[in-house]
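Written below as structure tokens is the structure these notes are about.
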Amino acid sequence: MFSNFYPNLVRVLEKYWGLFLEGAGYTLLLSFITVLFGTVLGSILALMRRSKHAPLSLFATGYVEVIRGTPLLLQLYLFYFMLPEVLPMLNLSKFACVCIALVINSSAYVCELVRAGIQAVDYGQSEAARTLGLSARQTMLRIVMPQAVKNILPALGNEFVTVIKETSLASTFFVGDLMTQYSTVRGSMYLVIEPLVVVGVIYFILTFTLSKAVNAFERRLKVSD
Amino acid sequence: MIETLNLCKSFGSLEVLRDITERINKGEVISIIGPSGSGKSTFLRCLNLLEVPSSGSVFFDGVDLTAKGVDIDRHRQKMGMVFQHFNVFPHLTVLENITLAPVLLKKRSPQDAKDYAMQLLARVGLSDKAQEHPRRLSGGQKQRLAIVRALAMDPEVMLFDEPTSALDPEMVGEVLAVIQDLVKNGMTTLIVTHEMGFAREVSTRVLFMDEGRIAEQGPPEAIFNKPQNPRTREFLGKVLR
């Protein structure tokens, strides 16, 4: 059955290269939105987890544990079907529902990245700031956070790589990402392996390029230490 | 100026400070010596509530710092502290390290803070490093920066927690010289130190701590020449030779 592999591959590419490109665009867009809002929400969650206020830290801890302890696919289903029911007035598109599910999922992981980044800052830094008379909040904003960002940024880059791969699950709902395009092509050409290979190569190019960029960035941060 | 009343501190079941009642007057220069684990650092850190006492009180200028509702940040502004590991802020320049707190806490205008910082840097011989990042400084320079950073808040008292213990031997002198200069200018000072020669030379009073208590205290001549307590004698016998 592989005798026609190469000619089929060429046919698929010739006919559908535009679709694949569009799919790659959606995958990147979906990942970008996820990481961007996931970072904002995750940072807030990390600060809540560190809060002295018990209800806040309990909520954040519970949130992170539940999200990380259940499958992403389940969360996608849940939000995809639940959101339009719960918030009908918002008229959420399926793309929006999927985005929200991905953001909520990613924020739990980012929360732990941010928390680890903050914890990695030497405690002596906080003590020095507090003895100068800075409040806990001023210490966090002026002393700890600027140093934590250096620890967090490379980890966020890696989260981006992970999210690119995870967005493939969103194709369950045909949101136009790479895997969605694979399904389309498979359906119209009755070919399975060839479009899969194409999509796989595109995923790999995206993630490989990005992780190399993150590594280079990380090395530059180290130099400036 | 600072008074502790029945100060106790435990970490879990480990009693680090046992019932310390002590009074530090304005202008005193106090060296705290003793074997490691005797509670010297913890005692110092209780004075500005970096360690919260398990029981007892700490009075600073007549205010009970351990009382509920005390604005500890405001009182800490008047108590400078220098740490063994410098803890300078690596993401800020030397100048920013010094001006951050006075400007942020509205003690000085940015220009005023900068002028004062430059003046202090000149005093410790670091004027040419003002725009550098601390990573370019040696250990001794970092510690001098840490001292200046604390001085920029015009503290009433300076607390030194083993300020030379993490330094290469050849850099100890430059840091001690800065502290000595401060002391000469009348700064009330408490210093936890293993530099016995320095303690003997600069202090007005020496506290010898052992097992969470102040086992013996007095003027340096008395402590170093005629220690009364056998534990003091044993300790000094080990460190002075």
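When reading the values below, keep in mind they use all heavy atoms of this one structure, side chains included, and skip hydrogens, waters and symmetry mates. Every chain is numbered from 1 and lettered A, B, ... according to where its sequence line falls, protein lines coming before strand lines. On a predicted model such as this, the values are computed, not experimentally measured, just so you know.
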Of all of B/His85, B/Met153, B/Arg149, which one pairs up most often with chain A through heavy atoms under 4.5 Å apart?
B/Arg149
Check this for me: B/Glu170, atom CD, are more than 12 non-hydrogen atoms of other residues, nucleotides or ligands nearer than 6.0 Å?
yes
Heavy-atom pairs under 4.5 Å with chain A - which of B/Leu49, B/Asn87, B/Leu92 has more of them than the others?
B/Asn87
Region of B/Leu50 in contact with chain A, defined by heavy-atom distances below 4.5 Å:
side chain
Is it true that atom CZ of B/Arg123 has more than 12 heavy atoms of other residues, nucleotides or ligands lying nearer than 6.0 Å?
yes
Under 4.5 Å from any heavy atom of chain A, what part of B/Met79 do you find: side chain, backbone, both or neither?
backbone
Less than 4.5 Å apart, side chain to side chain, heavy atoms only: is that true for B/Leu100 and A/Leu132?
no
Between B/Arg45, B/His75, B/Arg74, who has the most heavy-atom pairs with chain A when the cutoff is under 4.5 Å?
B/Arg45
Indicate yes or no: at least one non-hydrogen side-chain atom of B/Leu159 is less than 4.5 angstrom from one of A/Thr131.
no
Measure the shortest side-chain to side-chain distance between B/Asn48 and A/Arg130 over non-hydrogen atoms and say whether it is less than 4.5 angstrom.
no
B/Glu51 side, atom CD; A/Glu127 side, atom CD - distance, nearest 0.5 Å:
7.0 Å
Answer yes or no: are there more than 12 heavy-atom neighbours, outside B/Lys78 itself, under 6.0 Å from its atom NZ?
yes
When the 4.5 angstrom heavy-atom criterion is applied to B/Val88 and chain A, the contacting part is backbone
What part of B/Phe83 gets within 4.5 angstrom of chain A, counting heavy atoms only: side chain, backbone, both, or neither?
side chain
Shorter than 4.5 Å, heavy atoms on both sides: which option in B/Pro155, B/Ala150, B/Pro90 has the most such pairs with chain A?
B/Pro90
Any donor-acceptor N/O pair, B/His91 side chain to A/Met145 backbone, under 3.5 Å:
no
Between the CD atom in A/Gln138 and the CG atom in B/Leu104, the distance rounded to the nearest 0.5 Å is 4.0 Å
Would you say that A/Leu134 contacts B/Leu105 through its side chain, given a criterion of any heavy-atom pair below 4.5 Å between the two side chains?
yes
